[in-house]
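Read the structure below first, then the notes.
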Amino acid sequence: MRMPELPEVENVVRGLAGPLSGRTVASARLSRRDLYRTGSLSLSRLNGSKIAGVERIGKAILFRTSPPSPVLVVHLGMTGNLLLSDGGRPLRRQHRHAVMTMDGGLRLEYVDPRRFGFLWVGVADDLGRSLNIGPDPFQLTAPELGRRLAGRKAPVKSLLLDQRLISGLGNIYVDETLFRASIHPLSPGGVAAASASEMLREARRVLRRAIRHGGTTIRDFRKADGSAGAFGQRLAVYGREGAPCPLCRAVIRRIVIGARSTHFCPNCQRMGR
DNA sequence: AGCTTCGCCTGCTTGC
DNA sequence: TGCAAGCAGGCGAAGC
């Protein structure tokens, strides 16, 4: 299963930027209104706009336009995908909710079985206010992350999932980051703040490695012994409940924090003080 | 304001 | 074998 966290989104952006940049939108249509984020203009407002560039903002995808006209933001949610096809008759495809056809016939399709994703069309000036997405781990500095966690009592696990505080990390990479940084997921944010530089360093490492591996996280169905199957990326703790820690062989535990499944090594990851 | 919980949604896995 | 329940989680809304 693909989990569109930062590495996967980065991969999608890189794949779209080249083919779409400089193209003019001939027609754009969204067939399910409930996929619009609140406050969005109609997707058809992009008709006639030229795509000036495709960028990633946290886990969201931004399509810049020129001359200044409404921009498009696509968030893939959990199961969303953006697919390019080169003209021809559109194949019947299940769960395809939006189609953008470019001059010349190139087509961009939004497919999302679970519909946790969304689209937003609006003027660039409203972007920040509407999306409210904070800096990602490559933009943040350690002192700034420390300031953002300072005084917070919520578990660091929950705070790292807050896209306003730090963007791009999802459930998988937060668990991996905290493991590599030896921080217990239940540590209060204010306590974990002292380890901001370790967390930032490990977040960047795990994300870079995932991007390098094509950004595809294949989550193999866990075998009984927790052994890894064909992972696109080696996961140390996520999805490995009951399996041995790769560092100390202690048994990986799974708990629920903020309604999110959380995996950690009770021996390697401590609460700090 | 900060923190927590819930609802959204479908596909796959598990259990009876 | 077939069906239903359980689970997965990003995000926004709601409640405290």
Side-chain angles (χ1 to χ4, degrees), chain A residues 1-10 12 31-40 56-61 73-82 93-98 110-120 122 126-134 136-137 147-178 185-193 207 210 215 217-226 229-231 235 237-242 254-263:
Chain A
M1 184 196 291
R2 290 186 66 221
M3 295 286 195
E5 300 187 32
L6 186 152
E8 291 72 29
V9 175
E10 179 68 26
V12 170
S31 54
R32 291 194 65 109
R33 299 200 56 80
D34 59 354
L35 283 175
Y36 281 125
R37 174 131 161 178
T38 311
S40 176
R56 179 183 58 74
I57 303 179
K59 302 179 201 170
I61 300 164
V73 171
V74 177
H75 195 296
L76 301 177
M78 285 193 60
T79 56
N81 209 350
L82 283 168
R93 204 199 296 272
Q94 219 182 352
H95 305 307
R96 176 178 53 208
H97 308 301
Y110 179 66
V111 178
D112 187 356
R114 250 151 95 180
R115 309 207 299 278
F116 273 23
F118 63 79
L119 283 77
W120 181 85
D126 293 341
L127 240 175
R129 202 167 338 115
S130 287
L131 284 185
N132 204 9
I133 294 175
D136 70 31
R147 278 192 289 275
R148 287 171 176 240
L149 294 172
R152 302 289 297 264
K153 293 187 171 62
V156 63
K157 158 83 177 194
S158 300
L159 296 174
L160 292 184
L161 283 173
D162 185 339
Q163 302 297 299
R164 296 164 299 183
L165 205 149
I166 178 171
S167 66
L169 299 175
N171 207 37
I172 297 173
Y173 295 124
V174 167
D175 282 5
E176 295 297 307
T177 295
L178 290 176
L186 283 173
S187 295
V191 173
L207 292 173
T217 301
I218 301 294
R219 193 144 66 88
D220 198 357
F221 304 110
R222 240 166 303 148
K223 299 168 185 166
D225 62 358
F231 283 86
L235 298 177
V237 290
Y238 185 87
R240 297 191 65 244
E241 178 188 18
R254 187 185 81 91
I255 58 177
V256 175
I257 301 176
R260 292 290 165 260
S261 171
T262 300
H263 313 74

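Residue numbering restarts at 1 for every chain, and letters A, B, ... go by the order of the sequence lines. None of the values given here were measured: they were computed from a predicted structure.
Rounding to the nearest 0.5 angstrom, the gap separating the CZ atom in Arg152(A) from the CG atom in Leu165(A) is 6.0 Å.
Between Ile61(A) atom CD1 and dG10(C) atom C1' the separation is 14 Å, expressed in whole Å. The interatomic distance linking Leu161(A) (CG) with dA8(C) (C1') rounds to 14 Å, in whole Å. Across the protein-nucleic acid pair, Ile57(A) atom CD1 and dC11(C) atom P stand 13 Å apart, rounded to whole Å. Rounded to whole angstrom, the span from the CG atom of Leu169(A) across to the P atom of dC11(C) amounts to 11 Å. For Arg260(A) and dG12(C), the CZ to C1' distance is 12 Å, given to the nearest whole Å. The separation between Arg254(A) atom CZ and dG9(C) atom C1' is 12 Å, rounded to whole Å. What separates CZ of Phe116(A) from P of dT10(B) is a distance of 9 Å, to the nearest Å. Rounded to whole angstrom, the span from the CG atom of Asp34(A) across to the P atom of dG7(B) amounts to 18 Å.
For the OP1/OP2 pair of dG10(C) and a distance below 4.0 Å, the side-chain nitrogens and oxygens of Arg37(A) include no atom meeting the criterion. Considering only side-chain N and O atoms, Arg152(A) lies under 4.0 angstrom from the phosphate OP1 or OP2 of dC3(B). Contact annotation: Gln163(A) reaches the phosphate of dC11(C) (side-chain N/O to OP1 or OP2, under 4.0 Å). Within the 4.0 Å cut-off from OP1 or OP2 of dG12(C), not a single side-chain nitrogen or oxygen of His75(A) is found.
The base of dG10(C) does not come close enough to the side chain of Arg114(A) for any donor and acceptor atom to sit less than 3.5 Å apart.
For the pair Phe118(A) and dC11(C), the ring geometry does not qualify as stacking, because the centroid separation below 5.5 Å and plane angle under 30° are not jointly satisfied.
Within the nucleic acid shown, Arg115(A) comes within 4.0 Å of sugar-phosphate atoms alone, with no base atom in reach, counting heavy atoms only. Contact annotation for Ser261(A): backbone-only contact, meaning every heavy-atom pair under 4.0 Å involves sugar-phosphate atoms and none involves a base. Heavy atoms of Pro155(A) sit under 4.0 angstrom from primed sugar atoms or phosphate atoms, though from no base atom. Note on Ala259(A): nothing from the nucleic acid sits closer than 4.0 angstrom, heavy atoms only.
Of all heavy-atom pairs spanning Tyr110(A) and His75(A), the tightest one is OH-O, 3.5 Å.
Within the 4.5 Å cutoff, the side chain of Ile57(A) has no heavy atoms near those of the Val73(A) side chain. Taking the side chain as every heavy atom from C-beta outward, Asp175(A) and Pro185(A) never approach each other to under 4.5 Å.
With Leu186(A) as the fixed residue, the side chain to side chain contact (heavy atoms under 4.5 Å, CB included) test singles out one of Ile255(A), Leu178(A), Thr262(A), Val156(A): Ile255(A).
Salt-bridge annotation for Arg115(A) and Asp112(A): absent, with no side-chain N of the basic residue lying under 4.0 Å from a carboxylate O of the acidic one.
DNA chain B is contacted by both Ser158(A) and Arg32(A); Ser158(A) maps to the nucleotide lying nearer its 5′ end (nearest heavy atom per residue).
The nucleotide whose nearest atom lies closest to any side-chain atom of Thr38(A) is, among dC3(B), dC11(C), dA13(C), dA13(C). Residue Pro113(A) places its side chain closer to dT10(B) than to any other of dC9(B), dC3(B), dT10(B).
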